[in-house]
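Letters go in sequence order (proteins before strands), and every chain restarts at 1. Every heavy atom of this structure was used, including side-chain atoms; hydrogens, water molecules and symmetry mates were not.
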2 protein chains.
Amino acid sequence: MKDSGTEERILEAAKEVFMMYGLYGARMQDIADKANINKALLHYYFRNKEKLFDAVFDGALSKYFEQMTIFGETSLPIEQRIYTYIDGMFEFLSEYPQMSMFIIKEISINPELFHQKVASMKIYKGPTLIPALMESMNKKEIPEIDPLVFLLNLHSLCTYPFLASPIFKTIVAKSKLEWKDENHLKIKHSVKEFVAFRLQKTLN
Amino acid sequence: MKDSGTEERILEAAKEVFMMYGLYGARMQDIADKANINKALLHYYFRNKEKLFDAVFDGALSKYFEQMTIFGETSLPIEQRIYTYIDGMFEFLSEYPQMSMFIIKEISINPELFHQKVASMKIYKGPTLIPALMESMNKKEIPEIDPLVFLLNLHSLCTYPFLASPIFKTIVAKSKLEWKDENHLKIKHSVKEFVAFRLQKTLN
DNA sequence: TTGCGGTTTAACCATATGGTTAAACTATTT
DNA sequence: AAATAGTTTAACCATATGGTTAAACCGCAA
């Protein structure tokens with residue numbers, strides 16, 4: 001029977017390489033090397049590059065959408081739910097810092113394929129951010145905001161720091177300011193602050 | 001003499017292909033095709049792939065840094081200067097929507113090379129955002145904020161919408177909301193709003 | 001017209017790359 | 001021990017890819 005998690009090792013290696021170099025840039029040999037096997041075995045488990053890529057990409061995509069769609073805890077006030085949403089995004093992005101970049105890049109290269117995949121994905125049915133925002137706006141709990149634009153702003157504030165961390169570290173190094181990786185906490189707090197100010201609410 | 005802007009056509013084509021696929025993913029043949037020449041001529045103008053890539057990347061990098069560093073108009077109030085900065089970023093990013101992604105990706109693949117390039121770049125000496133923020137904070141014109149984190153937040157709000165536009169269009173299409181490309185104006189306004197609320201200032 | 005320098009091309013070359021094949025190995029069953 | 005089925009490997013193969021070469025082309029000065 002299938003030995004010692006070879007398939008998992010392959011998927012792990014493939015994830016790393018594809019996320020770094022994309023579908024075109026990735027080399028099957030690199031993946032095989034990272035997984036400590038040879039190319040033939042790679043093709044034994046995943047018939048070809050596209051199949052392997054699909055496995056990686058599908059996994060990433062569903063994980064990403066799952067994270068980005070859920071907006072739970074209907075009972076709490078809207079700002080609390082948003083703070084929790086922010087916590088969730090930072091946790092997710094800390095674990096998979098390259099994933100948003102990966103998905104964005106591959107989609108921009110091949111939008112058609114992506115539309116198919118999303119269309120065939122099971123649609124999340126639970127509570128989502130935009131309807132919740134609209135409801136709160138109707139109840140005059142928060143100022144008038146285009147909910148879609150707000151969602152985009154929110155994602156910007158959460159996602160970009162992870163995307164840009166390599167560039168930002170350098171910009172910072174050039175000036176004489178310091179930058180530490182633990183600053184995620186600080187950034188997360190600043191995002192909540194931004195949201196609090198914007199929604200005229202308090203933190204906590 | 002060098003004919004009919006061949007070199008420019010090559011650089012333009014190379015920019016497109018490298019920005020889309022990165023150094024590894026890009027194919028010299030694709031670049032040659034896009035420039036309507038053959039590979040040999042490509043190598044005649046730029047000895048090899050790395051040289052061509054460098055030309056493209058250096059151009060992108062200096063343009064990017066130039067845009068992101070300048071923070072002019074010392075006489076105006078700080079929030080006005082930031083609004084102008086936002087205008088500048090949106091203008092720049094509209095013209096080169098793929099550039100931030102390109103730079104970020106290549107840097108994350110090869111950080112060492114990047115450090116070299118930045119180190120050898122001429123350092124911009126004019127007024128910059130962070131000192132201006134600190135000065136305004138000292139004068140109690142704006143609330144206490146970590147200026148570096150604020151800069152990051154600001155860049156997040158401006159840059160991410162361009163990065164994520166392919167993914168965001170799809171997310172939006174999945175729900176039954178609309179999304180138009182002209183929304184840049186709307187988004188830009190929302191960024192200024194965010195900043196205004198955060199700094200306790202008015203718009204205009 | 002010829003010669004000259006820069007430009008462009010067709011034809012190559014060596015290697016990298018995705019993919020295949022057949023044999024070898026290994027654990028389990030009979 | 002032999003048969004069986006899944007797993008792994010070395011050796012290949014065809015094509016793609018970065019890069020080179022030598023010849024052809026082209027405008028222009030002598």
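- For dT8(D), the OP1/OP2 oxygens have a side-chain nitrogen or oxygen of Thr6(A) closer than 4.0 Å.
- If you check dT9(D), dA10(C), dT20(C) against the side chain of Asn38(A), the one that comes closest is dT9(D).
- We find that CD of Glu7(A) is positioned 15 Å from P of dG6(D), with the value rounded to whole Å.
- Following rounding to the nearest Å, Arg9(B) (CZ) and dT7(C) (C1') show an atom-to-atom distance of 12 Å.
- Per the geometry, CZ belonging to Phe46(B) stands 18 Å off C1' belonging to dT20(D), to the nearest Å.
- The CZ atom of Arg47(B) sits 13 Å away from the P atom of dT7(C) (whole-angstrom rounding).
- Residues passing the salt bridge (charged side-chain N to carboxylate O under 4.0 Å, His left out) test with Lys34(A), sequence neighbours excluded: Glu16(A).
- Rounded to whole Å, atom C1' of dG18(C) lies 16 Å from atom CG of Leu41(A).
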| task | Give the C-alpha distance, both sets of side-chain angles, the deciding distance and a yes or no for side chain to side chain contact (heavy atoms under 4.5 Å, CB included) between Ile70(B) and Thr128(B). | result | CA-CA 6 Å; Ile70(B) 291 172; Thr128(B) 52; over 6 Å; no
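- Remark: C1' of dT7(C) and NE2 of His43(B) are 17 Å apart, rounded to the nearest angstrom.
- Residue pairs meeting the salt bridge (charged side-chain N to carboxylate O under 4.0 Å, His left out) criterion with at least one member in residues 37-57 of chain B, sequence neighbours excluded: Asp54(B)-Lys117(B).
- Counting any heavy atom pair closer than 4.0 Å across all strands shown, Asn48(A) reaches sugar-phosphate atoms only and no base atom.
- Among residues at least two apart or in separate chains, there is no side-chain hydrogen bond (donor to acceptor under 3.5 Å, both in side chains) pair with a member in residues 107-116 of chain B.
- For the OP1/OP2 pair of dT20(C) and a distance below 4.0 Å, the side-chain nitrogens and oxygens of Tyr44(A) include no atom meeting the criterion.
- Side-chain atoms of Tyr45(B) lie closest to dT7(C) of the nucleotides dT9(D), dT7(C), dG19(C).
- In this structure, the ring-ring contact (aromatic ring centres under 6.0 Å, His included) partners of Phe71(A), at least two apart in sequence or on a different chain, are Tyr85(A).
- Pairs passing the salt bridge (charged side-chain N to carboxylate O under 4.0 Å, His left out) check and including a residue from residues 96-108 of chain B, sequence neighbours excluded, do not occur.
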| task | Can you check each nucleotide of nucleotides 12-17 of chain D against protein heavy atoms at under 4.0 Å and return B for base, S for sugar-phosphate only, - for none, in 5' to 3' order? | result | -----S
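- Remark: side-chain polar atoms of Asn183(B) are not paired, donor with acceptor, to backbone N or O of Lys186(B) under 3.5 angstrom.
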